[in-house]
Structures are given as structure tokens and as C-alpha cells.
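In what follows, chains are A, B, ... by sequence order, proteins preceding strands, each numbered from 1.
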Amino acid sequence: MISPAAVARRAAPVLACIGLLAAWQVASLGLKNDSFPTALEAIRAVPDILGDKESLINILASLRRMAIGFGIAVLVSIPLGLLMGRSRAVASFFNPLLMVIYPVPKAALMPIIMLWLGVGEATKILVIFLGVSLPVIYHSFEGAKAVEEKMLWSGAAMGLSALQRLVRIVLPAALPEILTGCRTGLVLALITMITSEMIARQSGAGNILFNALDMGQYDTVYAMIIVVGAMGICLDAVFERVRAGLVRWSEPQFDMPLSFS
Amino acid sequence: MMSRSANAILGLAPIVLVVALWQALVTFGFAPAVLLPAPGFVFTRLLEQLVTWAFQQEVAATLIRLFAGFAIAVVLGVSIGIAAAASPAINAVVRPIVRVLAPLPKVALYPALLLLLGFGHGSKITLVAADALFPILLSTYYGASTVEQKLIWSAMAAGTPRYKILFKVVLPAAMPSILTGCRIGLVISCIVVFLAEMITSTDGLGHALVTAARTFQAVDMFVPLITISLLGLILNALLGAVRSYLLRGFPEA
Amino acid sequence: MKVVPSRSSDWVRPVTSQKPASAIIEIDRVSQVFQTSARNDHLALSDISLTIEEGAFVSILGPSGCGKSTLLYIVGGFVSPTSGAAKMKGQAITGPGPDRGPVFQEFALFPWKTVLGNVMYGPRQQGVSATEADAQSRALIEMVGLKGYENFYPKELSGGMKQRVALARTLAYHPEVLLMDEPFGALDAHTRTRLQNDLLNIWERDRKTVLFVTHSVDEAVFLSDKVVMMSKSPGRIREVIDIDLPRPRRRNELLLDPRYQKYVVDIERMFDESDHAGSLL
């Protein structure tokens with residue numbers, strides 16, 4: 001049986017969505033502005049976008065690139081972060097470089113990378129990779145750094161090699177922190193993807209948004225905002241499910257998601 | 001145990017390496033200078049630009065948007081975060097809304113902001129504020145809701161009325177978290193203002209990059225990008241200094 | 001009512017032990033239930049009644065989980081009891097107040113304030129002028145043995161020093177009752193005995209009422225006029241023992257005193273007889 005409190009907790013975000021859409025509806029009815037359609041009009045336009053084969057293929061292609069960029073970033077960043085967390089030398093080697101890269105707007109590299117690699121898949125995936133890497137490295141680093149020294153001593157006493165200790169002790173112990181980084185990284189992958197599409201104006205969700213804006217199809221603009229917003233919220237919610245399942249043993253995480261672009 | 005200077009040299013190595021590789025690519029002709037200008041050339045170009053009035057105008061436009069957006073985010077984030085931690089009723093409303101809005105890619109709202117607020121400062125400042133708001137709000141909330149109960153009890157026993165507890169205890173006790181959120185928010189502000197200007201603008205550093213990209217001026221693409229990154233580093237360092245002053249009593253600060 | 005002393009040394013009141021003892025705190029059939037999960041309740045305190053006389057040093061002694069700290073928090077007004085009531089000088093306790101000053105095991109010093117800033121906090125909240133509060137606080141800091149550390153931050157002090165600051169911070173607003181929640185529990189044995197001695201010396205000067213929570217039998221017997229023994233699950237008062245040992249007490253004399261030894265041994269035996277001996281510490 002689910003307690004009423006749990007029901008309220010599950011229903012709250014849904015209610016919040018409805019509330020936000022209602023606020024939008026009221027605001028647009030009040031403003032009576034041509035460039036601000038009501039929430040209902042925007043929602044009605046959503047099936048048109050998703051029904052249009054070309055834009056659907058476009059969006060799916062974007063998501064595929066996003067998944068690849070995110071996947072590569074995670075595969076590279078987690079081992080690097082863990083190594084940095086366990087080795088002072090590795091940490092002091094990479095930390096200043098990462099600190100310098102930190103404030104660089106990654107999506108802004110799009111035009112420069114386009115200049116070198118053209119407008120192909122590689123460019124778009126590379127930009128997403130860059131956008132995702134830092135938070136994943138940072139959180140893996142923090143997670144590995146916080147691993148109890150004595151746990152590693154016990155491991156060494158049991159005859160585990162350095163690599164085995166990294167994989168079998170540090171990785172699981174740092175997993176909650178790593179997954180927090182991945183969660184931030186996932187939202188960032190989406191943001192980087194859309195932003196770079198807005199800048200490059202070649203294809204994808206970001207491009208659809210600005211094409212519609214240029215052509216004055218305001219319903220489509222707002223419908224696309226709903227689609228992208230829903231993607232962000234769903235990706236985050238799904239990942240949170242996975243995360244909670246993987247690290248059931250760890251202390252319950254602070255449950256407001258921390259994410260940023 | 002390594003000395004600090006050894007650490008610093010080790011840390012500088014990859015940065016030097018990147019620049020050296022960059023220089024080598026140009027010198028040995030692997031990359032044509034049109035696509036990848038030599039680092040020295042980019043650097044002198046940056047210094048040249050920094051003293052021109054036109055470039056300073058771009059920097060000023062970017063900074064105004066950055067600071068305005070960041071300031072709004074700090075004021076809203078800290079007050080909503082503290083309020084949500086202090087009042088269960090506000091918490092019940094804020095929490096689900098934040099859960100929905102935090103993972104939403106704010107940049108997707110930019111077209112709507114352009115339609116509603118125009119192509120000038122308003123839309124960009126709002127986007128910066130929207131993006132910087134959540135890390136600040138969440139850290140404030142986290143800090144304020146994990147204030148040690150006994151600090152509050154100690155202050156109450158000393159005769160602090162309940163309404164003053166928020167300012168006398170909760171706010172200063174949450175300060176480490178708040179400032180961590182502000183640091184994240186500040187760097188986000190730098191990034192977002194630049195991207196917003198790249199997407200659509202008539203001035204600002206981001207616009208300078210796009211203009212250069214349209215004319216394939218590789219050097220002039222690097223200059224604004226490096227400028228905004230340096231601004232980010234400098235502002236981050238300044239906030240770091242403010243932070244270590246404000247938190248001089250806190251352990252690990 | 002708060003009498004603000006005119007001179008900084010006035011907080012040391014003359015010893016008034018000749019005055020007939022009157023009840024300052026009355027705990028009347030207090031029970032405390034905590035909800036541990038949706039279906040389970042935990043009875044932390046069951047039907048506690050206790051009267052504490054003015055000027056008495058009373059220890060509450062018991063195993064961890066017997067609710068002794070909760071009882072102290074109820075007197076402090078930080079927690080309201082599920083049933084029953086606590087009174088201070090005949091007035092029902094409804095919340096914290098400067099007449100009851102807590103000292104916590106965790107010190108709970110304000111990390112953003114210096115030693116002086118922490119000690120001055122109470123007087124400033126009471127409306128004492130800055131110069132007055134400054135002078136009083138400096139005198140108190142000297143009394144707890146931390147002269148020269150006024151401008152240090154808590155993070156720069158050892159645990160024992162932090163607890164001295166916490167004591168000074170509480171004494172600074174002249175509470176009538178000191179509520180000490182295992183104040184020396186986080187300190188090493190050596191620091192602990194030094195602070196016990198110093199606490200007794202300070203207490204001898206004005207004999208404030210002290211309610212002292214501890215799980216150490218030695219500590220309770222050494223410090224107190226009265227030891228309230230509690231048992232757990234549910235938390236009840238098991239026995240109240242008057243400690244009839246001369247004051248002022250000197251640790252080196254007392255440890256050799258057969259009467260002291262008998263109190264300690266008797267109390268330990270009583271705990272052993274109940275089933276919770278193992279969890280006493």
C-alpha cells in the first residue's frame with residue numbers, strides 16, 4: 001500500500017506542471033499578444049511537430065548524437081576523475097587545465113570546430129562531449145577523493161592490486177557522487193545540443209525553434225519549447241530512477257536535482 | 001608528499017603542452033593559419049582589441065547583462081531558498097516547481113523571451129537569471145535546511161526572537177553553501193550571456209564571435225572566446241576572495 | 001526578569017547556600033513519544049516527574065537512548081512533551097528563554113563569530129550596550145581560562161577550549177539554570193577531568209542550578225548533589241540518589257574517599273542489575 005504522503009510526493013511535480021501551464025494560459029489570455037499564444041494552443045501544435053516526419057527524424061538524430069556524446073564523455077571522464085581522486089600527482093596535473101577550461105562556453109566552440117571539421121556528426125558530437133565531461137570528471141574526482149583510506153587498506157590487505165582496488169572499491173564507493181555528476185552531465189548534454197544547434201542553425205531541435213521564430217510560426221515555437229522542456233524533465237526523471245536503483249545502499253540524496261548549463 | 005612548487009609546475013605542464021602543440025600545428029604547417037592562427041598572434045590580437053573603444057563596448061554590453069542577470073538570480077535564489085527552508089508551506093509549493101523547472105533546458109525558453117522581451121538586454125538578462133537561479137536556489141535551500149539545530153537552539157536560548165533567527169543564525173550558517181551556489185551561478189552567467197549573444201544579438205562578445213565566423217576571421221573568433229573565459233576566471237577568483245573573507249571563521253573555507 | 005549588573009565583576013554573586021531550598025524546575029508526568037516510521041512509535045520518556053531545587057547540581061545519568069537528553073531539551077523548551085508539563089519557577093515552559101542556558105556536547109558555537117563575538121552574542125540580544133557586553137565578555141573569557149584567545153575563531157581552538165567558550169557564551173546572559181547536555185562527552189579523558197574541575201570551581205562561586213546530563217557514573221557522582229538514574233525503553237526514572245559529599249570537592253581527595261567510591265560502586269551495581277548494563281556506555 002502506498003501512503004498518502006508518498007502519493008502527494010509523486011503527484012506534486014505533475015501538479016506543478018499543470019500549475020505552470022495554467023499560469024501560462026492566464027498570462028497569455030491577459031496579455032493578448034500575437035507572439036504569446038496560450039498554453040492550449042501551444043500544446044495543440046505539439047502533435048504537428050512530432051507528426052511531421054522530417055522534424056521527427058531531425059529531433060531523433062539530435063538525440064542520437066546527444067547519447068553518443070554523453071556516452072563517450074562518461075566513459076572517458078569517470079576513469080579520469082577516479083584517477084585524479086586517488087592520485088595527487090594526476091590531480092595536480094589536470095586540475096589547472098580543467099580550471100582554465102571550466103568557464104569556456106562549450107557550445108560557443110561550435111563555429112570554430114565547424115571551421116576545422118565541417119558540419120558533420122563529429123563536430124556536433126565533440127561539442128556535446130566537451131559540454132558533458134567537466135561535471136562528470138569533477139564529481140568522480142570528489143567521490144574518489146572522499147573514499148575512506150582504511151577501506152583501501154583493507155582491500156590491499158586482502159591482496160587486491162591497485163587497479164583492482166580502483167575498480168572494486170573506489171568505483172562503487174564513489175558511485176553515488178559519480179551518478180550525481182552524470183545526472184548533471186545528462187541535462188548539460190541536452191542543453192549543449194540545443195544551444196549548439198541554435199548557433200549552427202543546421203538541423204535539430206534548436207534549429208526548428210529558430211526557423212519557426214524566423215517564419216513567425218509562434219505556435220510551433222512554443223510547442224517546440226514544450227517538447228524540449230519535456231525532454232529535459234523526462235531524461236532527468238528517468239536517470240533519477242536509474243540512479244536511485246543503483247545506489248539504494250547510499251544515503252538518500254538531497255532530492256531537488258542540481259543541474260546547470 | 002610533493003612540495004607546492006612541484007605541484008604548480010606539474011599543473012602548468014598540460015597548459016604549456018596544449019599551447020606548444022597549438023604552436024607546433026601552425027609552425028609545421030599541419031593546420032593552415034587561416035583556420036588556426038598561432039597562439040602568439042591570437043594573444044597580440046587580444047591585446048590590440050582590448051584597447052579599442054569598439055571592443056570595450058562589446059565587453060561592457062556583455063558585462064551589464066551578466067551582472068544584471070546574476071544579481072537577479074542571487075536575490076531570487078537566496079530569498080526563495082531561505083523561504084523554502086524556513087516555511088513548510090512555501091516548501092510544499094516551491095519544491096515541485098523547482099523539480100520541474102531545474103532540469104528544463106532554459107535556453108529553449110530563449111525564443112519565447114525574445115518574442116516577449118525583445119532582442120535587447122531584457123531577454124538576455126532574463127535568460128542569464130533563469131540559468132543562474134537554480135544552482136543558487138538549491139545550494140541556499142540545502143545550506144539553510146541543514147543548519148545545525150543546536151545553533152538555532154543556542155541563539156533562541158540567548159533570547160533571540162524567532163523572526164530574527166533567520167538573519168542571525170540561518171543566513172550566516174548557510175553562507176558557505178550560498179557562496180558555493182553563487183560561484184557556480186557566476187560561471188553559468190558568463191557562459192549563458194555569451195551563448196545568448198551568439199544566438200541572436202547586435203552587440204556583445206558573443207556577437208563579435210559570430211560576426212568573425214561569418215567572415216571566416218579565425219583570429220577574431222578566438223579573441224572574444226578567450227576574453228569571456230578570462231572574465232569567467234577573474235570573476236571566479238574575485239568571488240573566491242570574497243568567499244574566503246566572509247567564511248574566515250568556517251572550517252575548510 | 002533580568003538584572004543587568006552594573007559592573008563587569010558583578011555577575012559573581014555571593015554564595016547563597018544558607019537560603020532555604022525552593023523548587024526552581026518542576027517536571028510533571030512528562031511523556032515523550034517519537035514517531036519512528038509510519039506505524040511505529042517510540043516511547044522515549046514515560047511519565048517522568050522530578051523536582052529540581054534552586055542552587056542544586058543535579059545529574060541525569062543513564063544509558064544512551066534512555067531519553068535523558070530529551071528530558072533536558074524539554075526543560076530547555078526546545079522540544080515540547082507529548083504529554084505532561086515542565087515548569088520553571090511555577091511558570092509553564094513554552095519555549096527557550098535566557099533563564100535556561102544550554103551547553104551542548106557539540107559546542108554549537110557560531111563559526112562565523114570570534115570567541116568574543118560568540119560570548120557577546122547573548123548580552124547583545126538582551127539589549128546590553130556594546131561596550132558593556134564587551135567588558136563582561138572579556139571578563140568571562142578570562143574566567144574560563146581563555147584570555148588571549150578573544151579574537152580567535154572556534155575552528156582554531158581545541159575541543160576543550162571550544163567547550164569553555166560555549167560555557168562562557170551561556171554564562172554571559174546570566175541564566176538561572178544551566179542545562180548541560182553531555183558537555184564533556186566529546187573530549188578526551190584528560191581534558192574532561194580538567195573541565196570537570198574548572199566547572200566545579202566556577203559553579204562554587206555562585207551556585208547556579210545545574211541540570212547535567214551524562215552517561216558517566218564517576219562524572220555524575222563527582223559533580224552532583226543529586227543523581228537521577230534513568231533506565232531505557234521506555235525512559236523512566238529508576239532511582240534518585242543524594243550525593244552527600246563535602247564541598248568544595250577536590251578530585252584527588254575525592255577519589256580516595258571511601259564514600260565516593262561506595263556511591264560509584266553502588267550506582268554501577270544498580271545499573272548492572274537491570275539488563276542494560278552493557279549499553280551503559
Which bit of A:Leu190 is near chain B, if near means a heavy-atom gap under 4.5 Å: side chain, backbone, both or neither? side chain
Pick one of side chain, backbone, both or neither for A:Ile112, based on which atoms fall under 4.5 Å of a heavy atom in chain B. both
Looking at side-chain heavy atoms only, is the closest gap between B:Met198 and A:Pro111 below 4.5 Å? yes
Nearest heavy-atom contact between A:Ala108 and B:Phe194 is CB-CE2, 3.4 Å
What distance do B:Leu115 atom CG and A:Tyr218 atom OH have between them, rounded to the nearest 0.5 Å? 5.5 Å
Any side-chain heavy atom of B:Ile15 sitting closer than 4.5 Å to one from A:Pro96? yes
Contact part of A:Tyr222 toward chain B, heavy-atom cut-off under 4.5 Å: side chain, backbone, both or neither? side chain
How far apart are the closest heavy atoms of B:Ile191 and A:Val104, and which atoms are they? CD1-O, 4.2 Å
Note, B:Ser229 side chain near A:Pro105 side chain (heavy atom, < 4.5 Å): yes
4.5 Å side-chain heavy-atom contact, B:Leu114 and A:Phe210: yes
If you count heavy-atom pairs within less than 4.5 Å of chain A, which of B:Ala92, B:Gly232, B:Ala13, B:Ala108 leads? B:Ala108
What distance separates B:Ile9 CD1 from A:Ser92 OG, expressed to the nearest 0.5 Å? 11.0 Å
Segment of A:Ile233 engaging chain B (4.5 angstrom heavy-atom cut-off): both
With a 4.5 Å heavy-atom cut-off, do B:Leu104 and A:Val228 have their side chains touching? no
Go through B:Leu231, B:Leu36, B:Leu17 and name the one with the most non-hydrogen pairs under 4.5 angstrom from chain A. B:Leu36
Could you tell me the separation between the CD1 atom of A:Ile199 and the OG1 atom of B:Thr200, rounded to the nearest 0.5 Å? 11.5 Å
Find out whether B:Pro111 and A:Met198 are in side-chain contact, i.e. whether some heavy atom of one side chain is under 4.5 Å from a heavy atom of the other. yes
At a heavy-atom distance under 4.5 Å, which candidate from B:Ile97, B:Leu116, B:Leu12 has the highest pair count against chain A? B:Leu116
Using non-hydrogen atoms and a 4.5 Å limit, figure out which bit of B:Leu209 sits close to chain A: side chain, backbone, both or neither. side chain
